[in-house]
Amino acid sequence: MKSTWRSISLLLMLVFTLFNTAYSYTITVDAHAEECFFENVEADTKMGLTFEIAEGGFLDIDVTITGPDGAVIYKGERESSGMYTFSAPTTGKYTYCFSNKMSTMTPKVVMFNLEIGAPQSHTGNKDEEVNHNKLEDMIKELATTLKTVKNEQEYMQVRDRIHRSINESTNSRVVLWSVFEASVLLVMTLGQVYYLKRFFEVQRVV
């Protein structure tokens, strides 16, 4: 009976691990501006940030993650996309900031996910800590692997959507440029015909 309840609890742990808190956002960061988000978590909590620049300029932005003590945990400059995970060293408020201060006039559209894992449980019973069996370790490893695959799929979906938008925008610009070139050639052709016609009329009058 005890082993049955233990197996059920391990399966529930797997389910809760797979459905940890996750937040998806799409924001616009104006030129010379910075947007920040805050999360209060406990020590040893797994945290993750996945981001992608959807629109604006050269599709780059500065990213900074700082801890409760103000220490910089992660800092990236002029990045178009990225994925960063870490374990919170201390309990407190963690800050995620997207800075577009290097841009003179172009706002940036940022799509990103914040993932907050379950805090690590610390029990005072040493016997339970020693008696971690192989099934529990395998379930934890499986849960971590499935979460990684899930994050990778979401990340690739975002990249596919953004690249499709870029391709459509590029095709539209190519079509417009082709129409412009054809119009210029037509105007030049008509101008040359008109000039030659006027030239021969002048020669005939002379």
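Remember, predicted model here, so these are calculated numbers, not experimental data.
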| task | With rounding to the nearest 0.5 Å, note down the distance linking CG in Leu114 to CD in Glu39. | result | 6.0 Å
| task | Determine whether more than 12 heavy atoms belonging to other residues, nucleotides or ligands lie under 6.0 Å from atom OH of Tyr74. | result | yes
| note | Between the CD atom in Glu168 and the CZ atom in Arg173, the distance rounded to the nearest 0.5 Å is 13.0 Å
| Contacts of type salt bridge (charged side-chain N to carboxylate O under 4.0 Å, His left out), residue Arg164, not counting sequence neighbours | Asp160
| Does Phe58 share a hydrophobic cluster with Ile61, counting links as ILVMFWY side-chain heavy atoms below 4.5 Å and allowing steps through other members? | no
| field | Side chain proximity check, Thr64 to Tyr96, heavy atoms < 4.5 angstrom | value | no
| query | What heavy-atom pair brings Thr28 and Pro107 nearest, and what distance separates the two atoms? | reply | CG2-CB, 4.0 Å
| query | Any side-chain heavy atom of Arg78 sitting closer than 4.5 Å to one from Asp62? | reply | yes
| request: Return the minimal non-hydrogen interatomic distance between Val109 and Thr26, and the atom names on each side. | output: CG1-CG2, 3.9 Å
| query | Nearest heavy-atom pair of Ile53 and Glu79: which atoms, and what distance? | reply | CG1-O, 3.7 Å
| request: Can you measure from OG1 (Thr50) to CZ (Phe112) and round to the nearest 0.5 angstrom? | output: 11.0 Å
| query | Looking at side-chain heavy atoms only, is the closest gap between Phe86 and Ile65 below 4.5 Å? | reply | yes
| task | May I ask you to test the Leu49-Asn113 pair for a side-chain heavy-atom distance under 4.5 Å? | result | no
| task | Give a yes or no on whether Ile116 and Tyr25 share a hydrophobic cluster (residues Ile, Leu, Val, Met, Phe, Trp, Tyr; joining criterion: side-chain heavy atoms under 4.5 Å apart). | result | yes
| Partners passing side chain to side chain contact (heavy atoms under 4.5 Å, CB included) against Glu34 (at least two apart in sequence or in another chain) | Cys36, Cys97, Ser99, Lys101
| note | Taking every heavy atom of Ser103 against every heavy atom of Ala31, the minimum-distance pair comes out as O-CB, 3.7 Å
| Closest heavy-atom pair and its distance - Ala88, Val41 | CB-CG2, 3.9 Å
| message | Under the criterion side chain to side chain contact (heavy atoms under 4.5 Å, CB included), I'd like the reasoning laid out for Thr90 against Asp69: C-alpha separation, chi angles, the key distance, then a yes or no. | response | CA-CA 9 Å; Thr90 58; Asp69 55 355; 5.5 Å; no
| query | Should Lys108 and Asp30 count as an ion pair when the cut-off is N to O under 4.0 Å? | reply | no
| Counting only N and O atoms by type, is there a donor-acceptor contact under 3.5 Å from the side chain of Thr95 to the main-chain atoms of Phe38? | no
| field | Common cluster, Trp177/Met188, ILVMFWY with side-chain heavy-atom separation under 4.5 Å | value | yes
| query | Can you find a heavy atom in the side chain of Pro89 that is under 4.5 Å from one in the side chain of Tyr94? | reply | yes
| request: Answer whether the closest heavy-atom distance between the side chains of Tyr84 and Phe51 falls below 4.5 Å. | output: no
| said: In the structure I gave you, are the side-chain heavy atoms of Val184 and Phe180 within less than 4.5 Å of one another anywhere? | reply: yes
| message | With heavy-atom distances below 4.5 Å as the criterion, would you say the side chains of Asp60 and Met102 are in contact? | response | yes
| said: Quick check for you: to the nearest 0.5 Å, what is the distance between Ile73 atom CD1 and Met47 atom CE? | reply: 7.5 Å
